[in-house]
Amino acid sequence: QVQLVESGGGLVQAGGSLRLSCAASGSMFSINAMGWYRQAPGRQRELVVSITNAGSTNYADFAKGRFTISRDNAKNTVNLQMDSLKPADTAVYYCNADVLRTPWRRADYWGQGTQVIVSS
């Protein structure tokens, strides 16, 4: 089975920074793409940013200029550097991976999430 483990969440003041990390492990042929999503209490889960195995990125408008995603394909890891954090960024952040278990079997996996709280 594929497992995603996030780390790096915590409590910061507005204007501060956090760096989230995600590591994928298990039986995989390849990973097509990885990304970060977030969900605040009572709200829908939303995309923060995604990155393909070729390096193409897709940022949500609120993340542009403040957040930066990076990926190490060989290590199956992805990071999210978050700067200039705002109280509106408070949410549980989830790592996602679009995985080929075999060349003929595709599946989508999620981490357990890491809490980010930004105080005003």
Side-chain angles (χ1 to χ4, degrees):
Q1 188 75 341
V2 175
Q3 183 180 17
L4 303 180
V5 180
E6 304 104 330
S7 62
L11 174 64
V12 298
Q13 293 183 338
S17 299
L18 284 174
R19 182 176 182 269
L20 307 183
S21 297
C22 174
S25 62
S27 180
M28 296 175 288
F29 179 79
S30 65
I31 299 178
N32 295 325
M34 300 185 72
W36 291 94
Y37 292 72
R38 71 184 189 184
Q39 187 169 21
R43 300 184 62 86
Q44 296 180 349
R45 183 167 57 185
E46 62 182 345
L47 171 72
V48 178
V49 60
S50 63
I51 184 169
T52 70
N53 57 359
S56 298
T57 57
N58 181 28
Y59 287 88
D61 287 340
F62 65 80
K64 294 178 180 177
R66 298 192 299 127
F67 297 176
T68 304
I69 192 171
S70 61
R71 179 182 177 184
D72 188 331
N73 292 341
K75 297 181 179 180
N76 293 331
T77 60
V78 63
N79 300 316
L80 181 66
Q81 178 67 41
M82 303 188 295
D83 299 320
S84 301
L85 285 164
K86 306 173 182 178
D89 296 319
T90 296
V92 177
Y93 285 71
Y94 295 92
C95 180
N96 170 261
D98 182 0
V99 174
L100 287 177
R101 296 288 306 280
T102 73
W104 306 274
R105 183 182 174 189
R106 182 178 180 178
D108 197 56
Y109 294 91
W110 296 89
Q112 295 184 358
T114 184
Q115 178 73 61
V116 172
I117 300 176
V118 184
S119 61
S120 60

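To the nearest 0.5 Å, atoms OG (Ser30) and CG (Asn32) are separated by 5.0 Å. Atom SG of Cys22 and atom CG of Asn96 lie 8.5 Å apart (nearest 0.5 Å). To the nearest 0.5 angstrom, Arg45 atom CZ is 3.5 Å from Trp110 atom CH2. Distance OG/Ser27 to CD/Gln1: 9.5 Å, rounded to 0.5 Å. Summarising the geometry, atom CE belonging to Met82 is positioned 9.0 Å from atom CZ belonging to Arg66; distances are rounded to the nearest 0.5 Å. Distance CD1/Ile117 to CG/Leu11: 6.0 Å, rounded to 0.5 Å.
Under the side chain to side chain contact (heavy atoms under 4.5 Å, CB included) test applied with Thr114, the options Val92, Leu18, Leu20, Val5 reduce to a single match, Leu20.
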#### Entry: salt bridge (Lys or Arg N to Asp or Glu O under 4.0 Å) between Lys86 and Asp89, worked out
CA-CA 5 Å; Lys86 306 173 182 178; Asp89 296 319; over 6 Å; no

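A donor-acceptor pair under 3.5 Å links the side-chain atoms of Thr90 to the main chain of Val118, judged by distance alone.
Nearest heavy-atom pair, Leu47 versus Ala60, reported as atom, atom and distance to 0.1 Å: O-CB, 3.4 Å. Closest of all the heavy-atom pairs between Ala33 and Arg71 is CA-NH1, 3.6 Å. The heavy-atom pair separating Val78 from Cys95 by the smallest distance is CG1-SG, 3.9 Å. The minimum heavy-atom distance linking Ile69 with Met34 is given by the pair CD1-O, 4.4 Å. Residues Gly111 and Glu6 come closest through the heavy atom pair CA-OE2, 3.2 Å. Between Tyr59 and Thr68, the closest heavy-atom pair is OH-CA, 3.4 Å.
Tyr109 is not listed as a side-chain neighbour of Met28, based on a closest heavy-atom distance of 4.5 Å or more. Between Asn53 and Ile31, every side-chain heavy-atom pair lies at or beyond the 4.5 Å cut-off. Within the 4.5 Å cutoff, side-chain heavy atoms of Leu85 are placed close to those of Phe67. The side-chain heavy atoms of Tyr94 and Leu4, taken from C-beta on, include no pair separated by under 4.5 Å.
The environment of Gln112 atom CD is sparse: at most 12 non-hydrogen atoms of other residues, nucleotides or ligands sit within 6.0 angstrom.
Side-chain atoms of Asn79 and Gln81 form no donor-acceptor pair, as typed in the model, at a separation below 3.5 Å.
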